[in-house]
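Okay, structure first, notes after.
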There are 2 protein chains.
Amino acid sequence: MVTIKNIAEMAKVSRTTVSRVLNNSGYVSEDVRKRVEKVIEETGYIPSHYAKSLRTKKTKIVGVILPTIQTETSSRIVTGIGKEISQHGYEILLANTNLNQEKEIEYLELLKERRVDGIILIATNTEPALVEKIKEMNIPLVMIGQEANGIMSVTFDDYHAARELTRTFIKKGHEDIAFIGVDETDRAVGYRRKKGFLDEMAAHEINVNEEWIQKAIFDIDSGYDTMEKILSKTGAISKRSAPTAVIAVTDRLAIGAINYMKKQGIRIPEDVAIAGFGASEITRYLDPPLTTVDYHNEKAGEEAARQLFNRMQAQTQEGTEKVVLNYRLVLRKSL
Amino acid sequence: MVTIKNIAEMAKVSRTTVSRVLNNSGYVSEDVRKRVEKVIEETGYIPSHYAKSLRTKKTKIVGVILPTIQTETSSRIVTGIGKEISQHGYEILLANTNLNQEKEIEYLELLKERRVDGIILIATNTEPALVEKIKEMNIPLVMIGQEANGIMSVTFDDYHAARELTRTFIKKGHEDIAFIGVDETDRAVGYRRKKGFLDEMAAHEINVNEEWIQKAIFDIDSGYDTMEKILSKTGAISKRSAPTAVIAVTDRLAIGAINYMKKQGIRIPEDVAIAGFGASEITRYLDPPLTTVDYHNEKAGEEAARQLFNRMQAQTQEGTEKVVLNYRLVLRKSL
DNA sequence: CTGTTAGCGCTTTCAT
DNA sequence: ATGAAAGCGCTAACAG
């Protein structure tokens, strides 16, 4: 592999000079520059980025830790991050935990070993062990999707989105609304969306039927099963014996629920209205098209990258700006 | 940032010794090892991976170039790659071209600059400029999804998958089959799948209606539009005036086509049968569930990683093994 | 405008 | 069993 030293010798200049033409820094006379460039051209020399890093203390890499790349949310966020950072000559080092929470901490260490300039964490939880680890890392880090004390974050306005969505159902005359949620260790998806729903119901003084509030896991089949469970419950509190509407905390859960209902001959939205969260591409093409909440995931990725760069420039570890992105209700025929 | 030198001083040993305990290489007496480990523990020292790379000439990074991460194919492949390489202490450096072909070549240079140990390219074309660039790169590289002379690859058996799928349609009594393809610069998806279709039709001596063979681009709406176009054509060659079946080269195209047909009141599969390729998750949950071809994308990623490691170990740049993965027809109600 | 020198943090002979 | 010395490829004072 040809090095800067070889180039210097061949062009009969010093390594410094070669470095200067490489980086367009300092003075280099035209003819020397030409000579050096010619040699570089001929040899196909490509400078070693990590040798450079050793001196400059900058790897120009940001580590991205995520629970899985196989959701539209994640892949859109990663796309957004990539767009923003590539403009600054940065690249993404990918750390996929495959939903294994322990690996989040492992990967933080790994990324430190790699001396990444910053980290973006697409989080699914805010467990103390994780938060603590992040704080002792001493590397600029921004979290997406969850927020925690003293950590920079870009989050979605889950609470208000859930409230507004719920309000929309209520306005359409629904009172018997079922809710398919997920575990509350996921503060954003599990806790806040549910709280938004409950608070809005309470604000309208509508009783909720506890049996219609169920917890699922993150996949389509679970939406199916959970819907079955809900419909098997009689409405002890409610006037009616079955809900007229369902709010699912993700589009996939909603799709599963719809599948179960269709199988039972329940018409959507005539018999039961439904909505999800996430605005996954397919929701537009479902029959009927699914009402959902668009969170601008790609923007979130871009924004997180911008925040990260801000912090990286500001030499300080102080300040923990948090940005909360807005959302957009996508009203479609399912409601 | 604490370095190996600091540790050495604090433990009153040489850097060499610290290095030895770090890497479990050579002899280190028990008490010295203990002493060093204690200091490492106390200081929270984490060795710099790229400083190590500078000496060892191994970055333990594989670059992954892909057209977009926002398809299930890509994200599954990346997951597969990640699983395989993380077992060897490798990480993924992500290079997302966002469907900009020129960037493929740009990123090859970038990855070389980063001195990645190997590259996996999820390819959408095999243009001469690209192939040439790859060959002069002198870095182990395996291509996924496309194949080219002298380049290692992991590909899907598009040709036979298309033939078998077509045969299945024919066996069910279909002769008037429309085909929604894509541009043939994509040899795998555009050319091979089409060729498989045509050859199988020819083998059964069934005439194809040229007007029912249309070219789309890679999105759902294009499937919709193309289906509209096909149904607007009268069947000049065929006995009937409209196709009784449609083969779309991707699931998304099929979904678009289905949406158009549903809108026209065409029943599936009673009036028109349809199938796609890719086995995207949603196909199971469509109404009716979509017949499709499962290509085991995650396995493809793993396999590509394994091939890459083989090549990286074999010091030679010789040999260009190509593996062709098998597929699985997923027969569902849409056919 | 150009070169000399030193050093980033690590590993690897080669001695001892 | 441990250490000294050299060097990986690059950049950054500092001289001149």
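Please read all numbers here as calculations on a predicted model, not as lab measurements. Values below: all heavy atoms of this structure, side chains included; hydrogens, waters and symmetry mates excluded. Lettering follows sequence order; numbering is per chain, from 1.
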Show the atom names and distances, to 0.1 Å, of all donor-acceptor pairs under 3.5 Å that link a side chain in residues 119-126 of chain A to residues at least two apart or in another chain.
{"from": "A/N125", "atom 1": "OD1", "to": "A/E127", "atom 2": "N", "distance (Å)": "3.0"}
{"from": "A/N125", "atom 1": "ND2", "to": "A/E104", "atom 2": "OE1", "distance (Å)": "3.3"}

Fill in the blank from the handout: In terms of heavy-atom contacts, B/M312 and B/P140 come closest through CG-CG, 3.8 Å
Exercise for the section: May I have the distance from B/M1 (atom CE) to C/dC10 (atom C1'), rounded to whole angstrom? Expected result: 15 Å
Problem - Whole-Å distance separating the CZ atom of B/R15 from the C1' atom of D/dG3 - result: 10 Å
Compile the donor-acceptor pairs under 3.5 Å between side chains in residues 90-98 of chain B and protein atoms, sequence neighbours left out, one pair per line.
{"from": "B/Y90", "atom 1": "OH", "to": "B/D117", "atom 2": "OD2", "distance (Å)": "3.3"}
{"from": "B/N96", "atom 1": "OD1", "to": "B/N98", "atom 2": "N", "distance (Å)": "2.8"}
{"from": "B/T97", "atom 1": "OG1", "to": "B/L66", "atom 2": "O", "distance (Å)": "3.3"}
{"from": "B/T97", "atom 1": "OG1", "to": "B/L99", "atom 2": "N", "distance (Å)": "3.3"}

Completion exercise
By side chain to side chain contact (heavy atoms under 4.5 Å, CB included), B/E30 pairs with (sequence neighbours left out) B/R33, B/K34
Fill in the blank from the handout: Residues of residues 39-53 of chain A with a heavy atom under 4.0 Å from any atom of DNA chain C, listed by number, are none
Problem - DNA chain C contacts among residues 23-34 of chain A, heavy-atom distance under 4.0 Å - result: A/Y27, A/V28, A/S29, A/V32
Between the protein and nucleotides 13-16 of chain D, list the N/O to N/O atom pairs that are separated by less than 3.5 angstrom.
none

Exercise for the section: Could you please name the option among D/dG9, C/dG3, D/dT2 that lies closest to any side-chain atom of A/V13? Expected result: C/dG3
Practice task
Write down the distance between CG (B/N6) and C1' (C/dG9), rounded to a whole number of angstrom.
Solution key: 10 Å
Problem - Contact check, side chains of B/I61 and A/R114, non-hydrogen atoms, under 4.5 Å - result: yes
Fill in the blank from the handout: Per nearest nucleotide of DNA chain D, the residue lying toward the 5' end, B/R55 or A/T56, is B/R55
Fill in the blank from the handout: Separation of C/dC8 atom P from B/K5 atom NZ, nearest Å, is 6 Å
Handout entry: d(CG, B/L54; P, D/dG7) in whole Å
Key = 14 Å
Exercise for the section: Write down the distance between NZ (B/K12) and P (D/dG3), rounded to a whole number of angstrom. Expected result: 12 Å
